[in-house]
Each structure stands twice: as structure tokens, then as C-alpha cells.
Amino acid sequence: MNVSETDKKAIAEFVGTLKGHAAELRLDASAAVKLNTEVQEIETQVASPNPSRIMLEESLRTIRNVLEGCGGSLIASGLLFEIGKLLNS
């Protein structure tokens, strides 16, 4: 399946927002490493001329799992909402 330019733009905007608020999530070291690894994978895929929808979805799901561990965080809740929109598009 192809990833449209619109999808790539939306994913890139989400990653920018996530990176801008990552410090506020107060993740433990393991979760922070996992989050950073997935962000790098997404950035690599978005920059690719033929990004893999499967790889993008897997990375977004992993980020969702990390954010779900931030119980009670309003920032995490907002980011989870945005991931839901991306995964359902």
C-alpha cells in the first residue's frame, strides 16, 4: 500500500508535536529509548521516496503503547487521539 503525501505530512506533523512535548511526558529511560527509536524509524520512512505503510503503522502502534503507559497525562491523551486518527486514515 502506498503512503500519500497528505499522510506523510500528517505523520511528520505528529512527530514534530511529539518531539516538542516528549520531555513533558516524563518517560522512564526504557520508554524514552523506545519512543526515540520509533520516532527515528518514522522520520526515515517519511523521508523515503517509497515509505512502508506497514513500518509506519508498526512504529505508530509502538508509540501508542508507550504513551498509554503515561497514565493521567493530558499531553499523552492528546497524542493518543492524534495517533488514532493516523492509524484509521
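What you see is a predicted model; the values in this text were computed from it and never measured.
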field: OG on Ser4 to NZ on Lys9, rounded to 0.5 Å
entry: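 Answer rounded to 0.5 Å: 11.5 Å.
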task: Starting at CG of Leu79, measure out to CG of Leu25 and round the result to the nearest 0.5 Å.
output: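 Leu79 atom CG to Leu25 atom CG measures 6.5 Å (nearest 0.5 Å).
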- request: Could you check if a side-chain atom of Glu57 sits within less than 4.5 angstrom of a side-chain atom of Leu86, using non-hydrogen atoms only?
  value: no
- request: Spell out, as yes or no, whether a donor-acceptor pair under 3.5 Å connects the side chain of Thr17 to the backbone of Glu13.
  value: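 Present.
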message: So which atom in Thr62 and which in Glu38 form the shortest heavy-atom distance, rounded to 0.1 Å?
response: CG2-CG, 3.5 Å
message: Do Val15 and Val46 have side chains that approach each other closer than 4.5 Å (heavy atoms only, starting at C-beta)?
response: no
- prompt: Which heavy atom in Leu35 sits nearest to a heavy atom in Leu27, and how many Å separate them?
  reply: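 Taking Leu35 first and Leu27 second, the nearest heavy atoms are CD2-CD1, 3.5 Å.
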- line: salt bridge (Lys or Arg N to Asp or Glu O under 4.0 Å) filter on Lys34, not counting sequence neighbours, yields none
message: In this structure, would Ile42 and Leu87 fall into the same cluster of hydrophobic residues linked by side-chain contacts under 4.5 Å?
response: yes
message: Treating Arg53 as the side-chain partner and Asn2 as the backbone partner, does any N or O pair qualify as donor plus acceptor under 3.5 Å?
response: yes
- prompt: Is the side chain of Asn88 donor-acceptor paired with the backbone N or O of Gly84 at a distance under 3.5 Å, no angle test?
  reply: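 Side chain of Asn88 to backbone of Gly84: a pair is present.
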Rounded distance [0.5 Å steps], OG in Ser59 versus CD in Gln40: 10.5 Å
query: Under a single-linkage definition using a 4.5 Å side-chain heavy-atom cutoff for Ile, Leu, Val, Met, Phe, Trp and Tyr, are Ile63 and Val3 assigned to the same hydrophobic cluster?
result: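 Same cluster: Ile63 reaches Val3 through Ile, Leu, Val, Met, Phe, Trp or Tyr contacts under 4.5 Å.
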message: Measuring from atom CG of Asn50 to atom CD of Gln45, what distance do you get when rounded to the nearest 0.5 angstrom?
response: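 With rounding to 0.5 Å, CG (Asn50) is 10.0 Å from CD (Gln45).
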message: Do Leu18 and Met55 land in one hydrophobic cluster if side-chain heavy atoms of ILVMFWY residues count as linked below 4.5 Å?
response: no
- prompt: Between Lys8 and Pro51, is any pair of side-chain heavy atoms under 4.5 Å apart?
  reply: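 Side-chain contact under 4.5 Å: yes.
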Over all atoms of both residues, closest heavy-atom pair of Ser73 and Ala76: OG-N, 3.1 Å
- prompt: Which pairs with one or both residues in residues 74-87 pass salt bridge (Lys or Arg N to Asp or Glu O under 4.0 Å), sequence neighbours excluded?
  reply: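 Sorted pair list: Glu82-Lys85.
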- prompt: Rounded to the nearest 0.5 Å, what separation is found between the CG atom of Asn65 and the CG atom of Leu80?
  reply: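 Between Asn65 CG and Leu80 CG, I get 9.5 Å after rounding to 0.5 Å.
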query: Are Lys19 and Glu43 ion-paired here, with the side-chain N under 4.0 Å from a carboxylate O?
result: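 Yes, Lys19 and Glu43 are salt-bridged.
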query: Could you state the interatomic distance from CD1 (Ile11) to CG (Leu56), rounded to the nearest 0.5 Å?
result: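 Result: 4.5 Å between the selected atoms.
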